[in-house]
Participant: 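There's a structure below that I have some questions on.
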Amino acid sequence: MILNKVVTLEEFIVKQQKSYPDATGELSGLLRDIGFAAKIVNREVNKAGLVDILGIAGHSNSSGEEVKKLDVFAHEQYIRALRTSGECCGVASEESESYIAFEREAAQNAKYVVCIDPLDGSSNIDVNVSIGTIFAIYKRVSDAGICDVNDFLQQGNRLVAAGYVIYGSSTMLVYTTIGSKVNGFTLDPSIGEFCLSHPNLSIPSKGRIYSINESYWHRFPKAVNDFIVYCKGEDASTNRPYSSRYIGSMVADFHRNLIKGGIFIYPAMRGYKNGKLRLLFECNPMAFIVEHAGGKASNGTSRILDIVPTELHQRTPIFIGSKEMVEMAEQFIFEGELAAVCC
Ligand code: FDP
């Protein structure tokens, strides 16, 4: 029997690096460190039901939401990995009000910053539903020394790399770098390595899954409701009605739609004029990934990656997934005059 050669994440990163003659290895080192932290967080997520780590840690994050113990753990692990890597001069985390500037000399000379959502979908921790980590890597814009807020307030179109880890029925790390394909690696627990399992991921351009928390129907703009009605409509020529799937973990909903084709929506709504999801920690990295996979990400009227951030915890409405589905949603929004919404 001939066994296929397994390509580990580390091998893949090194191979990618060699294809760029000018690469210094710093980005590769950073990606490897994120992969390492992902394994540690995965270990804790997997035993969350066994040890006394479940439950609320007793304080709120900067957006006023409950912080659970695993969120804190994941935040600390990723910060530790990035702090010791020496390739990163600072991190902005969804779990922290302000950015964290690394002070060691090596870090001060490092050229990258990372924005991270250490544990996305945390309301699903207690019920054994998939959760994830989302990361985004930029080149700093400040000169060497202590990084500053402008290093993080960059448009998504300046991203160098982005990815996510999904802690699900299996654990996967999916990432892409500027100008590259999207590749997915599945953690083989028997060897403790992420192995290339989904090379060159591309999202079907015509999906038939829509993912939105419809319980907010009465708060949504009419244009969004009109699009939902369209998704439910009967029409054989467009393969409708589409299927509704909503896990409530952006990473898990996004990952399913990336593989099968679909659209994930978290729109503006009454009371939340910019929706719920964070531009820097969730929307930009996912938009970067989906575009590299041939999909599209929009706030309803403009490209997510072109939004100019003004604050770290800025939120934005998002329509992300299969290109044709996002374009169809945008048509409803133009017709439905989003500006007339609610908020
Ligand atoms: P969570 O609050 O559980 O961390 O932005 C966080 C997020 O989950 C996303 O992962 C998810 O898509 C969304 O919020 C779910 O929000 P709703 O409960 O309002 O649908």
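Start at 1 and go down the list; that is how both ligands and their atoms are numbered.
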Participant: Kindly indicate whether a cation-pi arrangement holds for Arg245 with Tyr210, taking the cut-offs as under 6.0 Å to the six-membered ring centre and within 45° of the axis.
Facilitator: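 No, a cation-pi geometry is absent between Arg245 and Tyr210.
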Participant: Side chain to side chain contact (heavy atoms under 4.5 Å, CB included) for Val251 and Ile134? Distances and angles first, verdict last.
Facilitator: CA-CA 8 Å; Val251 173; Ile134 308 173; 3.5 Å; yes
Participant: In terms of ring plane angle, is the pair Tyr175 and Phe185 parallel, tilted or perpendicular, where the classes change at 30° and 60°?
Facilitator: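 The arrangement is parallel - the two ring planes meet at less than 30°.
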Participant: Going by heavy-atom distance to atom 19 (O) of ligand 1, choose the closest among Phe264, Tyr266, Tyr246, Phe254.
Facilitator: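 Residue with the shortest heavy-atom distance to the ligand atom: Tyr266.
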Participant: How many angstroms lie between CZ in Arg140 and OG in Ser142, if you round to the nearest 0.5 Å?
Facilitator: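 That separation rounds to 3.5 Å.
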Participant: Say whether Asn124, considering both its backbone and side-chain N or O atoms, lies within less than 3.5 Å of an N or O atom on ligand 1.
Facilitator: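 No, Asn124 has no N/O under 3.5 Å of an N/O on ligand 1.
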Participant: Distance under 4.0 Å to a non-hydrogen atom of Met250: what atoms of ligand 1 satisfy this?
Facilitator: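 The list of qualifying atoms is 9 (C), 10 (O), 11 (C), 12 (O).
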Participant: Using atom types as modelled and distance alone, determine if a side-chain donor or acceptor of His313 lies under 3.5 Å from a backbone N or O of Leu279.
Facilitator: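 No, because the side chain of His313 does not come within donor-acceptor range (under 3.5 Å) of the backbone of Leu279.
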Participant: Which atoms of ligand 1 sit under 4.0 Å from any heavy atom of Ser122?
Facilitator: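 Those of ligand 1 that fall under 4.0 Å from Ser122 are 1 (P), 3 (O), 4 (O).
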Participant: Could you tell me if the ring centre of Phe332 sits under 6.0 Å from that of Tyr230?
Facilitator: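 Ring centres of Tyr230 and Phe332 closer than 6.0 Å.
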Participant: Check the pair Thr316, Tyr266 against side-chain hydrogen bond (donor to acceptor under 3.5 Å, both in side chains), reporting the backbone distance first and the verdict last.
Facilitator: CA-CA 9 Å; Thr316 177; Tyr266 209 112; over 6 Å; no
Participant: Could you work out, for atom 5 (O) of ligand 1, the closest of Met269, Glu282, Glu94 by heavy-atom distance?
Facilitator: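 Selected option, by shortest heavy-atom distance: Glu282.
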Participant: Would you please determine whether Asp120 falls within less than 4.0 Å of ligand 1 on a heavy-atom basis?
Facilitator: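 So Asp120 counts as touching ligand 1.
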Participant: Quick one: which ligand 1 atoms are inside 4.0 Å of a heavy atom on Tyr216?
Facilitator: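 So the atoms of ligand 1 that pass are 17 (P), 19 (O).
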Participant: Counting only heavy atoms, which portion of Ser123 has something under 4.0 Å from ligand 1: side chain, backbone, both, or neither?
Facilitator: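 Both parts.
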Participant: Just to be sure I read this right, does ligand 1 sit under 4.0 Å from the backbone of Leu277, its side chain, both, or neither, counting only heavy atoms?
Facilitator: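 Near ligand 1, Leu277 shows its side chain, while the N, CA, C and O stay back.
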Participant: Just which atoms of ligand 1 are under 4.0 Å from any heavy atom in Lys276?
Facilitator: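 Selected atoms, number and element: 2 (O), 7 (C), 13 (C), 14 (O), 15 (C), 16 (O), 17 (P), 19 (O).
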Participant: Ignoring hydrogens and angles, tell me if any N or O in the side chain of Asn109 forms a donor-acceptor pair with the backbone of Ala144 under 3.5 Å.
Facilitator: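 Absent.
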Participant: Numbering the atoms of ligand 1 from 1, which are under 4.0 Å from a heavy atom of Ser249?
Facilitator: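 Answer for ligand 1: 10 (O), 12 (O).
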